[in-house]
Novice: 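Can you keep this structure in mind? I'll have questions shortly.
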Number of protein chains: 2
Amino acid sequence: MLTALFLKGRLRHDLSEEERNALDNAVARTVEIRPRMTLVERGKLIEHSYYLVEGTMLRHIDDRRGERQLVGVNIPGDFVDLHGYAMKRLDHDVGSLTRATLAQISHRKITELIDAFPHLGRALWFSTLLDAAMHREWIFGLGRLNAEGRIAHLIAELIERLRLVELYDGSVLPIPLLQRDYAEACGITPVHANRSFRTLRERGALRPCGEGRLEILDEALIRRLGEFDGSYLYGTGELALRTLHDR
Amino acid sequence: MLTALFLKGRLRHDLSEEERNALDNAVARTVEIRPRMTLVERGKLIEHSYYLVEGTMLRHIDDRRGERQLVGVNIPGDFVDLHGYAMKRLDHDVGSLTRATLAQISHRKITELIDAFPHLGRALWFSTLLDAAMHREWIFGLGRLNAEGRIAHLIAELIERLRLVELYDGSVLPIPLLQRDYAEACGITPVHANRSFRTLRERGALRPCGEGRLEILDEALIRRLGEFDGSYLYGTGELALRTLHDR
DNA sequence: GCTTCTCAATCACCTAGATTAGAAGGGCCG
DNA sequence: CGGCCCTTCTAATCTAGGTGATTGAGAAGC
């Protein structure tokens with residue numbers, strides 16, 4: 001099943017087998033994309049959305065001077081541009097970090113899905129609002145944490161999200177972000193990202209382990225430095241949601 | 001009509017009279033709130049959402065040390081916590097800046113509305129994604145602009161949003177944010193917010209005009225300093241959306 | 001074999017913004 | 001009326017992070 005990871009760790013148990021099958025059957029085709037390619041461009045009229053099956057995708061806003069700000073990272077189980085269903089054009093670009101496999105679903109099909117399965121429709125809505133919750137947490141991090149804390153927060157979030165979809169092995173972060181990418185996500189320069197990684201290394205929090213990946217040595221420390229509380233991911237913790245069905 | 005400003009300047013023209021009436025009739029009651037009070041608390045189970053009729057509301061995340069990060073400002077025409085419809089609990093707090101009037105709509109009623117008017121449902125979804133788009137723009141600002149630029153960006157956004165709902169008179173920003181609030185939105189200290197306001201004043205961009213309001217003297221300059229391009233508000237510009245009806 | 005890239009890593013120096021501490025002005029309350 | 005907040009505004013000092021430049025390792029290409 002292509003969409004097996006959709007809302008895994010959150011509301012997937014709340015979807016009926018019929019709904020899960022309907023979502024999976026809505027996929028028109030899958031596409032492969034090479035690393036560091038653009039998938040969806042800001043401003044282009046779009047008529048389908050992509051669900052990420054495998055790989056990592058990055059969402060970013062570029063300013064006139066060519067400076068790039070990451071606004072999101074997507075991992076398997078995420079829709080990368082479901083916003084486009086209700087907005088028709090994206091305000092930012094979506095590109096690949098690694099080689100990636102995506103499942104394409106047309107907006108017409110999504111409308112049919114929602115008409116046939118209103119509860120699934122709410123789950124789709126929910127999934128776009130998870131993005132918004134993550135955005136808010138990034139705003140918090142950019143506004144209130146120093147460079148080291150921002151990087152730690154990002155790493156802690158990625159670990160937690162991978163854990164929810166059972167793609168975290170407990171020690172290696174399988175997302176080959178470059179220090180430049182961390183810098184673009186955290187609003188700092190690559191030089192300073194490097195300095196921050198050094199202190200994280202010296203504190204024994206993590207260390208590089210080849211191919212751009214990080215070995216996580218002390219997750220608790222990383223969470224503390226990033227003031228991370230994962231409840232905003234709505235998987236576990238005080239905000240966790242059991243059902244979207246009306247009481 | 002209480003909800004007359006909902007999606008005004010964006011998709012309101014796309015709503016039928018029937019849909020507009022249905023939304024208005026879904027309002028259970030209106031509530032008044034005094035300035036600087038909390039309306040919705042993070043983590044509380046909620047069963048209705050609030051549409052802002054009059055006044056200004058602020059949304060913020062507080063960290064353990066009592067530091068506050070604004071993550072959104074709401075003006076008339078906005079739902080302040082429609083996210084809560086699909087998420088049941090908010091990850092942040094919503095409070096008033098000024099005295100405010102809100103229309104309360106139960107989640108049960110929203111479900112009925114969406115069932116009866118799927119297109120209105122998509123418009124409601126769209127409105128929550130506008131929040132996400134604004135969040136992304138704030139992330140961009142926090143990551144890529146200096147203090148003066150961040151403040152300018154926020155002011156430019158507020159002007160543009162007020163203009164969309166026709167609440168901007170062309171010279172006075174009718175939102176009495178304190179310098180402390182700007183600081184909490186922009187991730188800087190109040191002292192530095194003050195310095196930045198001084199340079200904005202010295203450049204002839206704006207000046208205070210009593211009761212915490214700002215007189216806008218050179219909007220073009222403010223937009224330039226904040227690298228502001230309002231198309232992410234989906235009102236005018238390259239991303240503007242004409243209809244949510246299927247083609 | 002060489003060159004050419006890219007990325008991590010580091011240094012020296014400089015600036016934007018934080019921190020701390022007050023002063024001045026207005027509104028509200030007793 | 002005096003006293004007390006709260007807010008704006010300012011100055012002095014300090015630091016996190018930016019800038020620019022260099023080095024070395026590894027991979028890609030010729």
Side-chain angles (χ1 to χ4, degrees), chain A residues 34-36 58 63 65-69 97-99 141-155 173 175-203 205-215 225-227, chain B residues 34-36 63 65-69 97-99 141-154 173 175-203 206-215 225-226:
Chain A
R34 282 172 297 140
R36 303 277 178 184
L58 302 179
D63 73 4
R65 295 189 302 274
E67 302 218 352
R68 164 173 302 194
Q69 174 65 47
L97 170 66
T98 64
R99 210 164 102 69
L142 286 166
R144 299 291 145 203
L145 302 178
N146 63 12
E148 194 190 15
R150 295 179 203 178
I151 290 175
H153 191 285
L154 174 54
I155 291 172
L173 185 69
I175 299 180
L177 289 165
L178 303 176
Q179 293 189 356
R180 189 204 331 134
D181 298 315
Y182 283 99
E184 287 177 352
C186 297
I188 56 179
T189 57
V191 173
H192 199 57
N194 182 272
R195 273 196 283 254
S196 303
F197 271 106
R198 172 164 46 158
T199 67
L200 286 169
R201 220 184 321 122
E202 287 170 353
R203 286 177 195 269
L206 49 76
R207 67 169 171 229
C209 65
E211 296 168 39
R213 298 201 180 74
L214 295 174
E215 182 181 354
L225 291 170
E227 295 193 18
Chain B
R34 280 171 297 141
R36 302 280 179 182
D63 74 3
R65 296 188 302 275
E67 302 219 350
R68 164 173 304 193
Q69 174 65 48
L97 170 67
T98 64
R99 211 164 101 70
L142 286 166
R144 299 290 146 203
L145 303 178
N146 63 12
E148 196 191 13
R150 295 180 203 177
I151 290 174
H153 191 286
L154 174 54
L173 184 69
I175 297 180
L177 289 165
L178 303 177
Q179 292 188 358
R180 188 202 335 133
D181 299 315
Y182 283 99
E184 287 177 353
C186 296
I188 56 178
T189 57
V191 173
H192 199 58
N194 181 270
R195 275 195 283 256
S196 304
F197 271 105
R198 173 165 42 160
T199 67
L200 286 169
R201 218 183 322 122
E202 286 168 356
R203 287 177 194 269
L206 49 75
R207 69 171 169 224
C209 66
E211 296 169 39
R213 299 201 179 74
L214 295 173
E215 183 180 353
L225 291 171

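Protein chains get the first letters and strands the later ones, always in sequence-line order, with residue 1 at the start of each. Since we're looking at a predicted model, the values are computed, not measured.
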Novice: Quick one: label Asn146(A) by what it contacts on the DNA or RNA (base, sugar-phosphate, nothing), any heavy atom closer than 4.0 Å.
Specialist: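 Here Asn146(A) touches the backbone only, sparing every base.
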
Novice: Looking at residues at least two apart in the chain, or sitting in another chain, which of them share a salt bridge (Lys or Arg N to Asp or Glu O under 4.0 Å) with Arg198(B)?
Specialist: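 Scan of Arg198(B) (salt bridge (Lys or Arg N to Asp or Glu O under 4.0 Å), adjacent residues dropped) gives none.
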
Novice: For the base of dA16(D), is there a side-chain donor-acceptor partner from Arg195(A) under 3.5 Å away?
Specialist: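 No, the side chain and the base share no sub-3.5 Å donor-acceptor pair.
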
Novice: With a 4.5 Å cut-off on side-chain heavy atoms, are Leu97(A) and Arg36(A) touching?
Specialist: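 Answer yes - side chains close enough.
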
Novice: From C-beta outward on Arg201(A), which listed nucleotide comes closest to its side chain: dT10(C), dG18(D), dC7(C)?
Specialist: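 Closest nucleotide to the Arg201(A) side chain: dT10(C).
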
Novice: Assign Gly187(B) to base, sugar-phosphate, or nothing according to its heavy-atom contacts below 4.0 angstrom with the strands shown.
Specialist: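 Sugar-phosphate: the residue Gly187(B), judged by heavy atoms under 4.0 Å, touches backbone atoms but no base.
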
Novice: Atom CZ of Arg144(B) and atom C1' of dG18(D): how far apart are they, to the nearest Å?
Specialist: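 Distance check: Arg144(B) CZ to dG18(D) C1' gives 12 Å.
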
Novice: Taking atom P of dA9(C) as reference, at what distance in whole Å does atom CG of Leu178(A) sit?
Specialist: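 That distance rounds to 12 Å.
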
Novice: So for atom CZ, which belongs to Arg207(A), do other residues, nucleotides or ligands contribute more than 12 heavy atoms lying within a distance under 6.0 Å?
Specialist: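 No, CZ of Arg207(A) has 12 or fewer neighbouring heavy atoms, counting only those of other groups under 6.0 Å.
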
Novice: Taking atom C1' of dA16(C) as reference, at what distance in whole Å does atom CD of Glu148(B) sit?
Specialist: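 Nearest whole value for this atom pair: 12 Å.
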
Novice: Only one of Arg201(B), Arg203(B), Arg195(B) passes salt bridge (Lys or Arg N to Asp or Glu O under 4.0 Å) with Glu148(B); say which it is.
Specialist: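 Going through the options one by one, the only one that passes is Arg203(B).
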
Novice: Rounded to whole Å, please give me the gap between CZ in Arg198(B) and P in dA16(C).
Specialist: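 Spelled out: CZ on Arg198(B) to P on dA16(C) is 14 Å.
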
Novice: With a cut-off of less than 4.0 Å, is there a side-chain N or O of Gln179(A) near OP1 or OP2 of dA9(C)?
Specialist: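 For dA9(C), OP1 or OP2 has a side-chain N or O of Gln179(A) closer than 4.0 Å.
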
Novice: In whole angstroms, how far is the C1' atom of dG17(C) from the CG atom of Leu142(A)?
Specialist: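 In whole Å, dG17(C) C1' lies 16 Å from Leu142(A) CG.
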
Novice: Return whichever of Arg36(B) or Ala193(A) has its heavy-atom-nearest nucleotide of DNA chain D closer to the 5' end.
Specialist: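 The residue mapped nearer the 5' terminus is Arg36(B).
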
Novice: Find the distance Arg213(A):CZ to dC7(C):C1' and express it as a whole number of Å.
Specialist: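 Rounding to the nearest Å, CZ of Arg213(A) and C1' of dC7(C) are 16 Å apart.
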
Novice: Over how many whole Å does the gap from Ile188(A) atom CD1 to dA16(C) atom P extend?
Specialist: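 In whole Å, dA16(C) P and Ile188(A) CD1 are 18 Å from each other.
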
Novice: DNA chain C: Val191(A) or Gly212(A), which has the more 5' nearest nucleotide?
Specialist: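 The residue mapped nearer the 5' terminus is Gly212(A).
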
Novice: Figure out the CG/C1' separation between Asn194(B) and dT8(D), and round it to whole Å.
Specialist: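 Going from Asn194(B) (CG) to dT8(D) (C1'), I get 6 Å.
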
Novice: Output yes when a side-chain donor or acceptor of Arg144(A) lies under 3.5 Å from a complementary backbone atom of Glu184(B), and no otherwise.
Specialist: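 Here the side-chain-to-backbone pair exists.
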
